[in-house]
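Side chains are part of it too, since the values below use all heavy atoms of this structure and drop only hydrogens, waters and symmetry mates. Note that the coordinates shown come from a computational prediction; the quantities given were computed from them, not determined experimentally. Remember, it's 1-based here, ligands and their atoms both numbered in the order they're listed.
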Amino acid sequence: MSALLHVDRLSIQASGRRLVSNVSFSIAPGERVGLIGESGSGKSLTALASIGLLPDGMKAEGSILLDGREVVGVADRHLAPLRGTVVATVFQEPLTALDPLMTIGNQIAEVLRRRARRDGRRLDRKTVTAEVMTLLDRVALPDPNRMINAWPHEISGGQRQRAAIAMALACRPRLLIADEPTTALDVTTQAEIIKLLHALVTESEMALLFISHDLPVVAQAVDRVLVMKQGELVEEGAVRTVFQQPRHPYSQSLLTAARTFDQALGSVL
Ligand SMILES: Nc1ncnc2c1ncn2[C@@H]1O[C@H](COP(=O)(O)OP(=O)(O)OP(=O)(O)O)[C@@H](O)[C@H]1O
Ligand SMILES: [Mg+2]
């Protein structure tokens, strides 16, 4: 089966500084992959490059095939159609994904209509409302009748993240990229959102690229992990293998740190 995302010797530079070096990996359709590594190791830049959204002034080299189509060096107008059909994203701060001047229901409806237009379909108002309600229910937002009319500032951080996930799902992407989607949330809400992502990805056969610097968090949601350090990919393997027999000293230290933290909390990894 050909890869949904195929990153081949990706390097990213900004004003002469190499921020990502020679990174290669693939994600197959339906596969759940974690990208972990310390802060500043290049995880977000790798994800942004994968959807052709690097910040101005940054230059990518190498090749990135998204559903077989080259992303590196391609003009934005050619990439825009891929976003929201092949790939959708959920970021750390859901407020950046949500429009403060639009109700939650209207924002999700807008994505549904856009997706339908791209498929050459038109949705009538009743169908849109029914689909919005279904999505609110799928992301387990309580009281969908209130949520559909709520403004982003009227709901909690965890609820906003669920709404942002509902918007991503409305695109029916084949690959979901979630960059630190739970860092801004408390531990209980974090666990709920990860459980939700896990369930949604499994039931809709989406592929997932889950980014975090927290290995135990990632381990709950993915099958395979990639470990980055200072812009390079230093280890790759099944979650179980990387957890139980990390090869690279950096993965070993990440794991030791995670265990120590976990033991301090009174539980065992
Ligand atoms: N817009 C930018 N301009 C210049 N350098 C940047 C920019 N964005 C990121 N960098 C640098 O690129 C490197 C990689 O950043 P990146 O955001 O990918 O890290 P990360 O692994 O996602 O970290 P975190 O876990 O903190 O989110 C860092 O050294 C960072 O300072
Ligand atoms: Mg980041």
Q: Measure the distance from atom 18 (O) of ligand 1 to every protein heavy atom, then report the residue, atom name and distance (to 0.1 Å) of the closest one.
A: Leu45 N, 2.9 Å
Q. Donor-acceptor pair, Glu235 side chain versus Arg247 backbone, under 3.5 Å?
A. yes
Q.
Test of understanding: given a 4.0 Å heavy-atom threshold, classify the contact between Glu38 and ligand 1 as side chain, backbone, both, or neither.
A. backbone
Q: Return yes if a side-chain donor-acceptor contact under 3.5 Å exists between Thr127 and Asp124, otherwise no.
A: yes
Q: List the atom of Leu5, the atom of Ile64, and the distance in Å for their closest heavy-atom pair.
A: CD1-CG2, 3.8 Å
Q: Check if Gly37 has a non-hydrogen atom at a distance under 4.0 Å from any atom of ligand 1.
A: no
Q: Return yes if some donor-acceptor pair links the side-chain N/O of Gln107 with the main-chain N/O of Asp99 below 3.5 Å, else return no.
A: yes
Q.
Let's go through Leu19 and Gln13 carefully: what are the C-alpha distance in whole Å and the side-chain angles of both, what is the deciding distance for side-chain contact (heavy atoms from CB on, under 4.5 Å) to 0.1 Å, and is it a yes or a no?
A. CA-CA 6 Å; Leu19 303 171; Gln13 307 211 21; over 6 Å; no
Q: Check whether any protein heavy atom sits under 4.0 Å from atom 2 (C) of ligand 1.
A: yes
Q. What part of Lys43, side chain, backbone, both or neither, has a heavy atom within less than 4.0 angstrom of ligand 1?
A. both
Q: May I ask whether Ala14 places a heavy atom under 4.0 Å from ligand 1?
A: no
Q.
Suppose the criterion is side-chain hydrogen bond (donor to acceptor under 3.5 Å, both in side chains): which pairs have a residue in residues 47-60, not counting sequence neighbours?
A. none
Q: Identify, for atom 31 (O) of ligand 1, the protein heavy atom at the shortest distance, and state residue, atom and that distance.
A: Arg17 NH2, 4.3 Å
Q: Report the nearest protein non-hydrogen atom to atom 26 (O) of ligand 1: residue, atom name, distance rounded to 0.1 Å.
A: Ser39 OG, 2.5 Å
Q: Select the closest option to atom 19 (O) of ligand 1 among Gly57, Ala49, Gly40, judged by heavy-atom distance.
A: Gly40
Q) In ligand 1, which numbered atoms sit nearer than 4.0 Å to a non-hydrogen atom of His213? A) 25 (O)
Q: With sequence neighbours excluded, tell me which residues meet side chain to side chain donor-acceptor pair (under 3.5 Å) with Thr103.
A: Asn106
**Q.** Under 2.8 Å: N/O/S of Ser44 next to the Mg ion (ligand 2)
**A.** yes
Q: Check whether the side chains of Ser63 and Glu70 place a donor and an acceptor atom closer than 3.5 Å, and report yes or no.
A: yes
Q | atom 17 (O) of ligand 1: the protein heavy-atom neighbour that sits closest, reported with distance to 0.1 Å | A | Ser44 CB, 3.7 Å
Q.
Please list the nearest protein heavy atom to atom 7 (C) of ligand 1 with its residue and the distance rounded to 0.1 Å.
A. Met58 CE, 3.2 Å
Q. Do His6 and Ser26 have side-chain atoms, one donor and one acceptor, less than 3.5 Å apart?
A. yes
Q: May I ask you to list the atoms of ligand 1 that are less than 4.0 angstrom from any heavy atom of Glu180?
A: 25 (O), 27 (O)
